[in-house]
Protein chains: 2
Amino acid sequence: MTTATARRTPADKHDERRRALADSALRTLGELGYARASLREIANNSEFSHGVVHYYFHDKLELIVYCVRQYKATCVHRYDGVVADATTAEGLVEAFADKLAETIVDEAPMHRLWYDLRSQSMFEESLREAVLQIDQTLEDMVWRVVSTYAALAARPVGMTPHVTYGLLDGLFQQALLGYLCEREGVLDDLRDQVRELMPVLLAPAPSSSRRAKSER
Amino acid sequence: MTTATARRTPADKHDERRRALADSALRTLGELGYARASLREIANNSEFSHGVVHYYFHDKLELIVYCVRQYKATCVHRYDGVVADATTAEGLVEAFADKLAETIVDEAPMHRLWYDLRSQSMFEESLREAVLQIDQTLEDMVWRVVSTYAALAARPVGMTPHVTYGLLDGLFQQALLGYLCEREGVLDDLRDQVRELMPVLLAPAPSSSRRAKSER
DNA sequence: CCCGCGCCTTGACGACTGTCAAGACTTCTC
DNA sequence: GAGAAGTCTTGACAGTCGTCAAGGCGCGGG
């Protein structure tokens, strides 16, 4: 209020703290899951004490939802590079498959948390709004990839965005579980599965098989 | 031990009680989810008191795993009729799609519990063995349907059982969440999606398009 | 009749939970 | 440098949790 060009308004600092707290919380949540991550445990893994949570958040649930929304924001553009750098359909599939496998390795805790919360939202109505919003964002993200792929292949996508996301999410979830069980080869399998699946997502080739080679 | 042909051995009665308890527990678990279903709540919704759980089960976890295994046993043959009664590929798809939608309506609590437990198993290693076993059983179940469909269509399945299950499970899970959010039309959508998906699960038609009509 | 054994209830335990109030510490203002 | 506002810690609260021991009830065999 004093100086208009202050480095940080109090409100900024407040928001910054919320972000830092949410960051710590996300680490703990990814480790323990929604049900077992207590506020004390979350605070212990941060630089704060357990009481501070109610200074920045009204509720445990408000913290959780804030956390997941924050993660969504960082996660939602993970595949933008795949789309931007793609020049051929085959190259995009390859990059997409690699990125999916990389995501499983790098972000396994975050994604099991996401599946945990989505399951919880089937029981707790208070989680549904945030979950559905994030689910929609993920669907949009997948759709950007697949529709770009279709454009490069010069064929329309044969399925709705919703179905496309559902199918890929099913495979991804399966691979994540396999990865957490330390099954051998799940990542390679996932890559193969995506390479296999992407073509069948497209509408059947327009002219049966004649110009298949001369396409580009 | 006294009479060889006794109506019920004590062991039988013991098992019967375990089953009855697990039945009650399943109802409560389907209502509240894994994390919020306490032993007291489970016992309250049964004809027993809360202490009896430790007479029949060593642990809460043993009870839960027993419950889910028991449910699996009843659930695993739900689609057998679809397979047995099918005479044409189209008819099988129709019956399968209907049965999936019916399952969502009739067994929504059980299936959200299943997804809850599968998510929990990503955090709790002690749940993994049972979850993986059940997942495999479901995969087999789906495979019986799809491979029968392929046989009726006189074309091989184009994907592995694992992928087939993953894709269908993705759609089913999506539909279940939508159903629990009381979205309109999710059941019809699911049916349409399955009708659309099943043909693309098969390998590409062997001879491009010539005998498509004379097939049967 | 009474003893003993299986079945079940009751009550209590320690641990853990979310929440919040009281106060200490820091930071900024006048 | 005193005071006020903001920030954070500490400790306690009311509940709930899984677990288990102590004991009551019913029933069949001595």
Side-chain angles (χ1 to χ4, degrees), chain A residues 1-25 28-29 31-67 116-117 120 123-124 126-127, chain B residues 1-3 6-25 28-29 31-67 116-117 120 123-124 126-127:
Chain A
M1 205 196 264
T2 53
T3 60
T5 61
R7 289 282 169 78
R8 302 177 163 173
T9 74
D12 277 351
K13 182 155 190 181
H14 197 79
D15 279 6
E16 189 183 319
R17 283 284 196 235
R18 280 167 68 101
R19 265 191 291 274
L21 234 175
D23 248 3
S24 283
T28 308
L29 282 165
E31 212 55 52
L32 299 179
Y34 172 67
R36 295 150 53 105
S38 68
L39 293 182
R40 280 168 176 80
E41 198 66 34
I42 287 174
N44 275 351
N45 293 11
S46 80
E47 48 181 347
F48 306 107
S49 66
H50 73 272
V52 86
V53 174
H54 285 85
Y55 185 76
Y56 288 105
F57 297 93
H58 178 267
D59 229 13
K60 183 186 182 183
L61 206 121
E62 188 187 311
L63 167 65
I64 306 283
V65 170
Y66 185 91
C67 283
D116 187 9
L117 286 170
Q120 288 306 311
F123 296 95
E124 280 212 39
S126 45
L127 279 173
Chain B
M1 207 196 260
T2 51
T3 61
R7 290 283 168 76
R8 300 179 164 171
T9 74
D12 277 351
K13 181 154 190 181
H14 196 80
D15 279 4
E16 188 182 319
R17 283 282 196 238
R18 281 167 66 103
R19 264 190 291 274
L21 235 175
D23 248 3
S24 283
T28 308
L29 282 165
E31 213 55 52
L32 299 179
Y34 172 68
R36 296 149 54 104
S38 69
L39 292 182
R40 282 170 175 81
E41 198 65 35
I42 288 174
N44 274 352
N45 293 10
S46 80
E47 48 181 345
F48 307 106
S49 65
H50 73 271
V52 86
V53 174
H54 285 86
Y55 185 78
Y56 287 105
F57 297 93
H58 177 267
D59 229 14
K60 182 186 183 183
L61 206 122
E62 188 186 310
L63 168 66
I64 305 283
V65 170
Y66 186 92
C67 283
D116 187 8
L117 287 170
Q120 288 305 310
F123 297 94
E124 281 213 38
S126 46
L127 279 173

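Just the heavy atoms: all of them, side chains too, but no hydrogens, waters or symmetry mates, feed the values below. Order of the sequence lines sets the chain letters (A, B, ...), proteins ahead of strands, with each chain counted from 1.
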**Message:** By nearest atom, which of the nucleotides dC8(D), dT19(D), dT9(C) is closest to the V52(A) side chain?
**Reply:** dC8(D)
**Request:** Examine dT7(D): is either OP1 or OP2 under 4.0 Å from a nitrogen or oxygen in the side chain of Y55(A)? Give yes or no.
**Result:** yes
**Request:** Would you mind reading off the distance between L61(A) atom CG and dT17(C) atom C1', rounded to a whole angstrom?
**Result:** 15 Å
**Request:** May I ask you to verify whether the side chain of H50(A) and the base of dG11(D) hold a donor-acceptor pair under 3.5 Å?
**Result:** yes
**R18(B) to Y66(B) six-membered ring, cation-pi geometry met (6.0 Å, 45°)** = yes
**Request:** Side chain of R40(A) only, please: which of dT9(C), dT19(C), dT9(D) is the nearest?
**Result:** dT19(C)
**Message:** Return the CD1 to CZ distance between I42(B) and F48(B), rounded to the nearest 0.5 Å.
**Reply:** 13.0 Å
**First of S38(B) and E47(A) reached from the 5' end of DNA chain D, by closest nucleotide** = E47(A)
**Item:** Atom pair distance, as rounded to whole Å: CD in E62(A) and P in dG18(C)
**Value:** 15 Å
**Message:** Using OP1 and OP2 only, check whether a side-chain N or O of S49(B) sits under 4.0 Å from dC8(C).
**Reply:** no
**Item:** Value in whole Å for how far the C1' atom of dT27(C) lies from NE2 of H14(A)
**Value:** 17 Å
**Prompt:** Any side-chain heavy atom of D23(B) within less than 4.5 Å of one from R19(B)?
**Reply:** no
**Which nucleotide in dT7(D), dC7(C), dG18(D) has an atom nearest any side-chain atom of K60(B)** = dG18(D)
**Whole-Å gap separating C1' (dC16(C)) and CG (L39(A))** = 12 Å
**Prompt:** Can you tell me how far P of dC20(D) sits from CZ of F57(B), to the nearest Å?
**Reply:** 15 Å
**Item:** Nucleotide dT19(D), atom C1' - distance to NE2 of H54(B) in whole Å
**Value:** 5 Å
**Request:** Just call it for R17(A): base, sugar-phosphate, or nothing, with non-hydrogen atoms closer than 4.0 Å on any strand.
**Result:** sugar-phosphate
**Rounded distance in Å - OH (Y56(B)) to C1' (dT19(D))** = 18 Å
**Where D116(A) and A35(A) come nearest, the two heavy atoms and their spacing** = OD2-N, 4.5 Å
**Request:** Output, in order, the C-alpha distance, side-chain angles, deciding distance and verdict of side chain to side chain contact (heavy atoms under 4.5 Å, CB included) for H50(A) and N44(A).
**Result:** CA-CA 7 Å; H50(A) 73 272; N44(A) 275 351; over 6 Å; no
**Asked** Between H58(A) and R36(A), which has a closest nucleotide on DNA chain C that is more 5'?
**Response** R36(A)
**Prompt:** Could you state the CG-C1' distance from N44(B) to dT9(C), rounded to the nearest angstrom?
**Reply:** 13 Å
